[in-house]
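Computed over heavy atoms, backbone and side chain alike; hydrogens, waters and symmetry mates excluded.
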Amino acid sequence: MTETALKPLFLTTVRNPRAGAGRVLGMNLPPQALWIALSLISVVTSGVVAALVQAAPIPEGEIGVLITASPVYSSPLIFALMQWGRAVLSVFMLYWVGRGLGGRGGIPEVLAVVTLLQAVSFILVAGCVLLGLVIPFVSSLGLLVFIVWWMWAVSNMLDVAHGFDSPLKAFGVMVIAIFGVVVGLSIIMGVIGGLFAATTGAV
């Protein structure tokens, strides 16, 4: 995909997520390429977030302690792995939940719209942050608008991917999938933490 193809796709997705989803599905992109793209977006996003956190002054008190103890500050590589795992798990959760509620989309279709959404979201959030460096209050307002847009976009893009003809049902898929991803990541990180503690304790 060239820049001349990506820019219209980006603008279409921002203005009309349903049309953006339909366009990316019509491209019939190879799943391998989509998995690579999703992984790259997750890693780049993690790196940018970690860099911003590292560069920003740490507030005093409990908030500062929480920030310094979080993976995004203390272990950027683990944070990047977590974000990659979240992205991959999201694809499968959105597929499983969607199929369970009568959706017809397969993993390639869900993967395509999730990858597009991740890429567009990264650009929009990065734009809000950069704009906030010049006009601070615009950043907060922009992020609020982004959250509203994101929920609207997810509902419509999933609706297209699964063929629901009901954005409300797609919104329900999103809510259930988010809960499933949170629970799944908590279990995975708990297992990894337990194995790490057992290994270090044995040494």
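- Once rounded to the nearest 0.5 Å, the distance linking CZ of F146 with CH2 of W149 reads 6.0 Å.
- Closest of all the heavy-atom pairs between N156 and P17 is CB-CB, 4.3 Å.
- In the hydrophobic clustering of ILVMFWY residues, with side-chain heavy atoms under 4.5 Å counting as a link, L116 and W152 come out together.
- One hydrophobic cluster, built from ILVMFWY side chains closer than 4.5 Å, cannot hold both I123 and L40; they sit in different ones.
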Legend entry - side-chain contact (heavy atoms from CB on, under 4.5 Å) evaluation trace for T13 with M157: CA-CA 9 Å; T13 304; M157 294 176 80; 4.2 Å; yes

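- Distance check, rounded to the nearest 0.5 Å: CG of L158 to CZ of R18 gives 10.5 Å.
- Between T115 and A37, the shortest heavy-atom distance links the atoms CG2-CB, 3.9 Å.
- With rounding to the nearest 0.5 angstrom, the CG atom of L111 is 9.5 Å from the CD atom of E109.
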Inset, instruction - Evaluate the criterion side-chain contact (heavy atoms from CB on, under 4.5 Å) for residue pair V110 and H162; output intermediate values, then yes/no. - result: CA-CA 8 Å; V110 176; H162 275 299; 3.8 Å; yes

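- Listed here is the closest heavy atom pair of M151 and S155: O-OG, 2.9 Å.
- Atom CE of residue M82 and atom CZ of residue R86 lie 10.0 Å apart, to the nearest 0.5 angstrom.
- Between P8 and R23 there is a side-chain heavy-atom pair separated by less than 4.5 Å.
- Grouping the Ile, Leu, Val, Met, Phe, Trp and Tyr side chains by contacts below 4.5 angstrom, directly or via other members, places W35 apart from V43.
- Scanning both residues, G20 and L9, for their nearest heavy atoms gives O-CD1, 3.8 Å.
- V120 and V145 are not part of a single hydrophobic cluster, where members link through side-chain heavy atoms under 4.5 Å apart.
- No more than 12 heavy atoms of other residues, nucleotides or ligands shown are found within 6.0 angstrom of CG on L168.
- Atoms CG and CE, on D159 and M174 in that order, are 12.5 Å from each other to the nearest 0.5 Å.
- Under the side-chain hydrogen bond (donor to acceptor under 3.5 Å, both in side chains) rule, W84 has a single partner from S39, S46, S42, which is S39.
- Cluster annotation: I36 and L29 are assigned to distinct hydrophobic clusters (Ile/Leu/Val/Met/Phe/Trp/Tyr, side-chain heavy-atom contacts under 4.5 Å, transitive).
- Closest approach of A119 and I41 over heavy atoms only: CB-CD1, 3.6 Å.
- One distance of note links CH2 of W150 with CG of L124; it measures 13.0 Å at 0.5 Å rounding.
- Using modelled atom types, no side-chain atom of Q83 and backbone atom of A80 make a donor-acceptor pair closer than 3.5 Å.
- Smallest separation of non-hydrogen atoms from L94 and V173: O-CG1, 3.9 Å.
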